[in-house]
K.L.:
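Mind having a look at this structure? Questions to follow.
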Amino acid sequence: QVQLVESGGGLVQPGGSLRLSCAASGSILNLNTMAWYRQAPGKQRELVAAIFRSGGTTYPDSVRGRFTISRDNVKNRMYLEMNNLKPADTAAYYCNFKFGDGNDAWGQGTQVTVSS
């Protein structure tokens, strides 16, 4: 059983930055992909960044160049560096681990609000 806990959300002004963290505990063997998703009120959950076992990353156009995903395999942590934040980035952010057996794990989410 894997437990994921996000932290680092908060209120920030447009143009500001935040760094989200995802701490993992439990068995994380056979991990394929680590990812961040977000969900705004009334909208579907969407992928904002993913890092693959190979170390490759992917971002949607809406955040590319502003967000950076990274991981620390020793500490079992994943991070999302968010710069030049916009009001449209306001959402609950969730970390997600996908495993080779098809299972995945989700955190409880951390709220990011971008507002002046």
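Just so we're clear, the structure is a prediction, and the values are computed from it rather than from any experiment. Numbers for residues simply follow the sequence, beginning at 1.
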K.L.:
Would you check if the side chain of Arg77 reaches a backbone N or O of Ala23 as a donor-acceptor pair within less than 3.5 Å?
P.N.:
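Between the backbone of Ala23 and the side chain of Arg77 there is no qualifying donor-acceptor contact (under 3.5 Å).
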K.L.:
Atom OH in Tyr94, atom CD in Gln39: separation rounded to 0.5 Å?
P.N.:
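Here the rounded value is 5.5 Å.
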K.L.:
Donor-acceptor pair, distance only, cut-off 3.5 Å: does the side chain of Thr90 make one with the backbone of Thr113?
P.N.:
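Looks like no, no N/O pair under 3.5 Å.
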K.L.:
Transitive ILVMFWY cluster of Trp36 at side-chain heavy atoms under 4.5 Å: who else is in it?
P.N.:
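Besides Trp36, the hydrophobic cluster comprises Val2, Leu4, Val12, Leu18, Leu20, Ile28, Leu31, Met34, Val48, Ile51, Tyr59, Val63, Phe67, Ile69, Met78, Leu80, Met82, Leu85, Tyr93, Phe97, Phe99, Val112, Val114, listed by chain and residue number.
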K.L.:
Within the distance-only criterion (no hydrogens, no angle test), does the side chain of Glu6 pair as donor or acceptor with the backbone N or O of Cys22 below 3.5 angstrom?
P.N.:
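Side chain of Glu6 to backbone of Cys22: no pair is present.
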K.L.:
For salt bridge (Lys or Arg N to Asp or Glu O under 4.0 Å), just list the numbers for Asp89 and Lys86, CA-CA rounded to whole Å, side-chain angles, deciding distance to a tenth of an Å, and then say yes or no.
P.N.:
CA-CA 5 Å; Asp89 296 317; Lys86 305 175 180 181; over 6 Å; no
K.L.:
For a quick test of reading the model, state the closest non-hydrogen atom pair linking Thr58 to Phe52 and the distance between them.
P.N.:
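Result for this residue pair: CG2-CZ, 3.7 Å.
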K.L.:
Indicate whether any N or O donor in one side chain lies under 3.5 Å from an N or O acceptor in the other, for Arg45 and Asn96.
P.N.:
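Distance-only check fails for Arg45 and Asn96.
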K.L.:
Are the side chains of Pro87 and Ser115 in touch, meaning some heavy atoms are under 4.5 Å apart?
P.N.:
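Not in contact.
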K.L.:
Determine the minimum heavy-atom distance between Ala40 and Ala91, stating which atoms define it.
P.N.:
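What the structure gives for the nearest pair is N-CB, 3.8 Å.
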K.L.:
If we ignore angles and hydrogens, is there a donor and acceptor under 3.5 Å between the side chains of Arg53 and Asn32?
P.N.:
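Present: a donor and an acceptor within the cut-off.
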K.L.:
Show your working on side chain to side chain donor-acceptor pair (under 3.5 Å) between Gln3 and Ser25 and close with a plain yes or no.
P.N.:
CA-CA 5 Å; Gln3 292 80 43; Ser25 61; 3.3 Å; yes
K.L.:
Going from CZ on Arg38 to OG1 on Thr110, what distance comes out if it is rounded to the nearest 0.5 angstrom?
P.N.:
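So the gap between those two atoms works out to 14.0 Å.
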K.L.:
As an exercise, state the distance from CG of Asn84 to CZ of Arg66, rounded to the nearest 0.5 Å.
P.N.:
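The CG atom of Asn84 sits 6.0 Å away from the CZ atom of Arg66.
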K.L.:
Carefully, step by step, assess Cys95 and Gln108 under the rule side-chain contact (heavy atoms from CB on, under 4.5 Å).
P.N.:
CA-CA 8 Å; Cys95 62; Gln108 83 290 348; over 6 Å; no
K.L.:
With a distance cut-off below 6.0 Å to the six-membered ring centre and an angular limit of 45° from the axis, does Arg71 pair with Tyr79 as a cation-pi contact?
P.N.:
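No, cation not above the ring by the 6.0 Å, 45° rule.
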